[in-house]
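All values derive from a computational prediction rather than experimental measurement. Every chain is numbered from 1, with letters handed out A, B, ... down the list of sequences.
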Protein chains: 2
Amino acid sequence: MIEIHEYIKEGANAYLKKQYTVISSIVAVIVVLLTLLGWYRMAVSYVLGALSSITAGFVGMKIAVNANVRTANLAKEKGLNRALRLAFNGGLVMGLMTVGVGLMLIVLQYLVYGETPEAINDIIGYSFGASSVALFARVGGGIYTKAADIGSDLVGKVEVGIPEDDPRNPGVIADNVGDNVGDVAGMGADLFESYVGAIISTMIVASTQLRGFSLSYSWSSFVLIPLVVAAVGVIASILSSFVVRTREGGDPSRPLTLATVVASILIALMSFFGITQLISGELGVRIWVVIVAGLVAGVVIGVTSDYFTNSKYPPVRRVAKMSEAGPALTILTGFAYGFLSAFVPTVVIAIASLTSFLVLWLPTQEFWLGIYGVALSAVGMLSLTGVVVSADAYGPITDNAAGIAEQADLGEDVRRITDKLDAAGNTMKSVSKGFAIGSAALTALAFIGAYASILQYYTGANLSNLFQSLTILDAGLISGMFIGVVMPALFTSIVILAVSDSAFVLIEEIRRQFKEKPGILEFKEKPDYGKAVAIVTSYAIKRLVLPGLIAIVSPLIVGFVLGPHALAGMLLAATISGLLLGLFQGNVGNTWDNAKKYIEAGYHGGKGSEAHKAAVIGDTVGDPMKDAAGPSINILIKLMSIVSLVFAYYVISNNLYQLLVP
Amino acid sequence: MIEIHEYIKEGANAYLKKQYTVISSIVAVIVVLLTLLGWYRMAVSYVLGALSSITAGFVGMKIAVNANVRTANLAKEKGLNRALRLAFNGGLVMGLMTVGVGLMLIVLQYLVYGETPEAINDIIGYSFGASSVALFARVGGGIYTKAADIGSDLVGKVEVGIPEDDPRNPGVIADNVGDNVGDVAGMGADLFESYVGAIISTMIVASTQLRGFSLSYSWSSFVLIPLVVAAVGVIASILSSFVVRTREGGDPSRPLTLATVVASILIALMSFFGITQLISGELGVRIWVVIVAGLVAGVVIGVTSDYFTNSKYPPVRRVAKMSEAGPALTILTGFAYGFLSAFVPTVVIAIASLTSFLVLWLPTQEFWLGIYGVALSAVGMLSLTGVVVSADAYGPITDNAAGIAEQADLGEDVRRITDKLDAAGNTMKSVSKGFAIGSAALTALAFIGAYASILQYYTGANLSNLFQSLTILDAGLISGMFIGVVMPALFTSIVILAVSDSAFVLIEEIRRQFKEKPGILEFKEKPDYGKAVAIVTSYAIKRLVLPGLIAIVSPLIVGFVLGPHALAGMLLAATISGLLLGLFQGNVGNTWDNAKKYIEAGYHGGKGSEAHKAAVIGDTVGDPMKDAAGPSINILIKLMSIVSLVFAYYVISNNLYQLLVP
């Protein structure tokens, strides 16, 4: 066990080292750029944001990698409950790091910079830094993890015929490392970005627009509310972790779901007191309603993802049944359910943001208070970040523990426990995927709100002019929307091609090792795990450049060529189409994955049947969609918005469109 | 040959009879509704529109069904060129029926109703009627044709092991009928709808908004321009048909492509004179530029589709190569290229509509002239309708001819000719699919422009109020966008599930026939083709109800609950996301289809190899996407817009949102 664990640790370190080296150079370039523009404070915030995300990811992964071997050991020595608690606590570190570090540093910047709009605007650099790291952790990590997964499987399982997670496979450690890289560091960085992004953009709307607010509240109360809600979320995450316990033979997915429900209720209760302290009377209650709308939307999105991806419900079962007629129908029905699964979450987000707008705008007729409401509902949803990241990071810990139990041959009983823990991890992964894309879309809306408020603040445009210029009757804005809607599709395409190319590179390496060291298959020689890790790492990071550039440069091109209104249209369209394609890919991948597992549990002919073969093909198709391309869209839509936000002032005053259409 | 031909004819008649019966009842309901609302003139136009589309489809299909057997015969007796010309002329009937009938009746209504805005607004009923028929022809036809295709293949090829198009298969006639139903009647009705829709909505913008136009032109010139451009298109279609000829052994796809190019050039030349006759000076030239922008966009979309789906270029070849590693990579790479293929057309449409807006708005500063430009660019693109429909209807004629040559055992040489004709048909099908969705999106934009102009006309809102209310800062509008973006995905999901369910119904029927009449397989008994046709027909039309209702009712629900601004957002978002998903599905299906054909031509192991098996799976997945779900989106986005347009006045004055937000 210790040997395998050491390999995973080494592999993870090798990956992180390479990744951090590349990130550092990107960060350096952007810092220089910001400094040249004279935005010193933003540059500092940018570095802080990047460091925070790296630290949270690094510590979280260290703990996760150490927790997996201990979970396997506890499963052997002390049984289900102790193993569950250790695995969850391992994930909790990542969860609390994410929210704790993020919240603390935002507060710190707020205290140091002061509360002028310009000061708070500069804090957006923190969010930008977090985004840059998230790009690497999520997109690069996604390409890495899926290339390792598909590559090792195609040679190991298909060509050579050894089981999954077999220590003879030179790619096995790369595959194990990938789980940590993708789900711990990747998901953590993704939600960290959403979390700080939602908080900061809400603060920006408040500081730029609610200053001249005609009601009798101190405007700084509005700036403080997102911080209070976030703080409440941290406390709720800690408290809810105590319910994660089970009896021997119980279903570990129950306490994990329960923790989310408990956290939601605690947040709803505690934030009521927090908010009404700052804003008394009816308005305080209305603001609280906004928080609850965000929370409810988050929970509904999680439940919908669960419905479409859990083998307890019809979609997965029907896909499994259709697999009897061959892979084409596996793919087609999965595809159909994937698209269907996007419907409810999208409508729920529409309702949540409309409610949040109306509940604050209607009684006050203060337009910006409505926009503030939309941004704040994102904070409400993301107050669950701590518990969601914990439950998600739990997944790879138990997945690795199961792998270690297999590779170290710990016996049937232990495997049964680790498999059970692993299955619960899969349920949580589906839920957190839905949550991640839903909250990314809501965060992107918050960014767009902040973008509009900065547009208004800097140009000093009166409200009606601003409205006019952001009308969908403007052909410039519509052309921005056409470009925006296709961006997530373009991104998906590039990431999937990167995964399949990287997988091919790994396949060649594994074949080479088998050929040059024929003793590997007879356990006589050790495969060179490190070489496999190194190859996938450097190739994955190389293929990250193009999508990274697209995410950063495309809004600048549209902004500088077609102007700030086309840019607003582009951001909005990318957000809604990203939500659709993100939900589709995340859910369809998990549907296929679980249909395969359902068949493996003995239905429709079980393992080895025609149905199973078809389901395996579905699973392979879904893998890069759910773990690489889908989650990358979260990053894309946020990064595009944040780049626009950072350069909003420049885009407003310098663009070609302006010359043409004064 | 005559026997098989008779079966196809009977089957096609049986399908059409059933379809027209159901359409009549729907038409009756809507006519009653329009009459009850007191919209008599619109009710008349509605009936005319439905009848026109039915007539064009019916005559076109009659001719096509008769042309297929003659094409097979000419291929046998007179060789390639004569067969090509006959097949193309068979398609030309459909093409000219579509544009001829449509243009003639619009002109007739214009002459009878007069040129007040109210009168021209009523002509929209004609477009509504065409849409209702298109829904059946395209969506119902799509479900029918793919269910017949997949159903007969799965039993025939996979279970029983007889070749495609084998006369022993009870589903074979249903499959042959399906080609005509889907590609002749379906594509014809779809483009007919776009064609009349673009013309009428341009006329609406002109009549409601350019009346008080400050320049010194008669406003009715602006109403006439779309009619003139359409007329030019009819003439160009006829003239260009003369270039369709080839030498023996030539590539028949060349003259077909050439016809499109010739038609484009003729339209560009002739419309210049037509337009400058009506509007002299610089403005006339500018309007001509708009037409050219639409034409160029249409051609570019066609070329892009060809690039991604023709085995001459890298995408199809790479998908074919990846198939060596099994079906999962066939699906994944196809998927990636499908998304990539949406990029260029979407950006081209953005550029075309922005250019069309700016080129008219900039010099005049007349906002509505810009909107008029966007609508007119759709007319420019659709002036190619005649030649595109001809080339598309050519496809099923040659496809059927190839089928007849196989079933009637006409020998190697004849098959080689019919296969060549068929291959050219496939190229044209890809191109016309891209054209259909691209023009549908541009038509939907024209509808949205007309919707906004009616909103302005009836509410008498001043321009700045209208702008304000259609701002993307309005949470109502944004919530409409969230709902709109997911509609094409929902539609896709429902159509695909309908196809797989209908295919299962047919599979059971074929199995029953094989079981009850064991002599079929030994050529001793005739299968009951008619029964198979009847079963798929009634099931497909039953499954059409839900998507049909969604397309018609969803904009009304959003309009009446969330108000006219949310409805505008919904329409726009559905259009852009429909364009994305339509292009994706159309292209990915053709990529897989042609990757399979490429392998069958002997590459990567040829027929029977592992790569071929993988490619067949890709093709089966792509089939309902490219021929049922994808094209259905064209109908969805137009039908939603036209329903909104017809009920615009009602939605404006009666909606719940208004009560909440006065």
S.K.: To check you understand the geometry: which heavy-atom pair defines the closest contact between A/Phe339 and B/Ser493, and what is its length?
M.R.: CB-CB, 4.1 Å
S.K.: Counting only non-hydrogen atoms closer than 4.5 Å, does B/Leu580 touch chain A with its backbone (N, CA, C, O), its side chain (CB onward), both, or neither?
M.R.: side chain
S.K.: Taking every heavy-atom pair that is under 4.5 Å apart, which of B/Leu329, B/Ile483, B/Leu497 has the most such pairs with chain A?
M.R.: B/Leu497
S.K.: Would you call B/Ser500 and A/Leu332 a side-chain contact if the rule is heavy atoms closer than 4.5 Å?
M.R.: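 A side-chain contact is absent here, since even the closest heavy-atom pair is not under 4.5 Å.
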S.K.: If I measure from the heavy atoms of chain A, does B/Leu572 come under 4.5 Å with its side chain, its backbone, both, or neither?
M.R.: side chain
S.K.: Sort out for me which of B/Gly480, B/Gly338, B/Ala336 touches chain A most, counting heavy-atom pairs under 4.5 Å.
M.R.: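 Top option by heavy-atom pairs under 4.5 Å: B/Ala336.
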S.K.: Do you know which of B/Thr492, B/Leu340, B/Ile150 has the most heavy-atom pairs with chain A at a distance under 4.5 angstrom?
M.R.: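 Sorted descending by pairs with chain A, the first entry is B/Leu340.
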S.K.: Please flag which part of B/Leu581 lies under 4.5 Å from any non-hydrogen atom of chain A: side chain, backbone, both or neither.
M.R.: side chain
S.K.: Rounded to the nearest 0.5 Å, what's the gap from OG on B/Ser353 to CZ on A/Phe482? Could you check?
M.R.: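 Rounded to the nearest 0.5 Å, the OG-CZ separation comes out at 5.5 Å.
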S.K.: Side chains of A/Ile496 and B/Tyr337: closer than 4.5 Å at any heavy-atom pair?
M.R.: no
S.K.: Should B/Leu562 and A/Leu354 count as side-chain neighbours, where that means a heavy-atom distance under 4.5 Å?
M.R.: yes
S.K.: Under 4.5 Å from any heavy atom of chain A, what part of B/Pro488 do you find: side chain, backbone, both or neither?
M.R.: neither
S.K.: So which of B/Ala328, B/Pro624, B/Ala325 has the biggest tally of heavy-atom pairs under 4.5 Å with chain A?
M.R.: B/Ala328
S.K.: What part of B/Ala566 is in contact with chain A, defined as an atom under 4.5 angstrom from a non-hydrogen atom: side chain, backbone, both or neither?
M.R.: neither
S.K.: In terms of heavy-atom pairs under 4.5 Å with chain B, which of A/Ile576, A/Ile507, A/Ile617 leads?
M.R.: A/Ile576
S.K.: For chain A, which candidate among B/Thr620, B/Leu490, B/Asp623 shows the most heavy-atom pairs at distances under 4.5 Å?
M.R.: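 The candidate making the most pairs under 4.5 Å is B/Leu490.
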S.K.: Against chain B, label A/Ala352 side chain, backbone, both or neither, depending on which of its atoms sit under 4.5 Å from a heavy atom there.
M.R.: neither
S.K.: Return the option, out of B/Ile371, B/Leu445, B/Ile448, B/Ile351, with the maximum number of heavy-atom pairs under 4.5 Å with chain A.
M.R.: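 Looking at each of B/Ile371, B/Leu445, B/Ile448, B/Ile351 in turn, B/Leu445 comes out on top.
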S.K.: Does a side-chain heavy-atom distance below 4.5 Å link A/Met481 with B/Thr575?
M.R.: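 Counting from C-beta outward, A/Met481 and B/Thr575 never come under 4.5 Å.
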S.K.: Any non-hydrogen side-chain atom of B/Phe335 less than 4.5 Å from a side-chain atom of A/Ile331?
M.R.: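 With C-beta onward as the side chain, the pair stays apart.
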S.K.: Non-hydrogen atoms of chain A under 4.5 Å away: do they reach the side chain of B/Phe491, the backbone, both or neither?
M.R.: neither
S.K.: Knowing that exactly one of B/Leu583, B/Val344, B/Thr346 qualifies, which makes a side-chain contact (heavy atoms from CB on, under 4.5 Å) with A/Val486?
M.R.: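 Answer to the side-chain contact (heavy atoms from CB on, under 4.5 Å) test with A/Val486 among B/Leu583, B/Val344, B/Thr346: B/Thr346.
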S.K.: Between A/Val621, A/Leu579, A/Val347, A/Thr333, who has the most heavy-atom pairs with chain B when the cutoff is under 4.5 Å?
M.R.: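 Among A/Val621, A/Leu579, A/Val347, A/Thr333, the one with the most close pairs to chain B is A/Val621.
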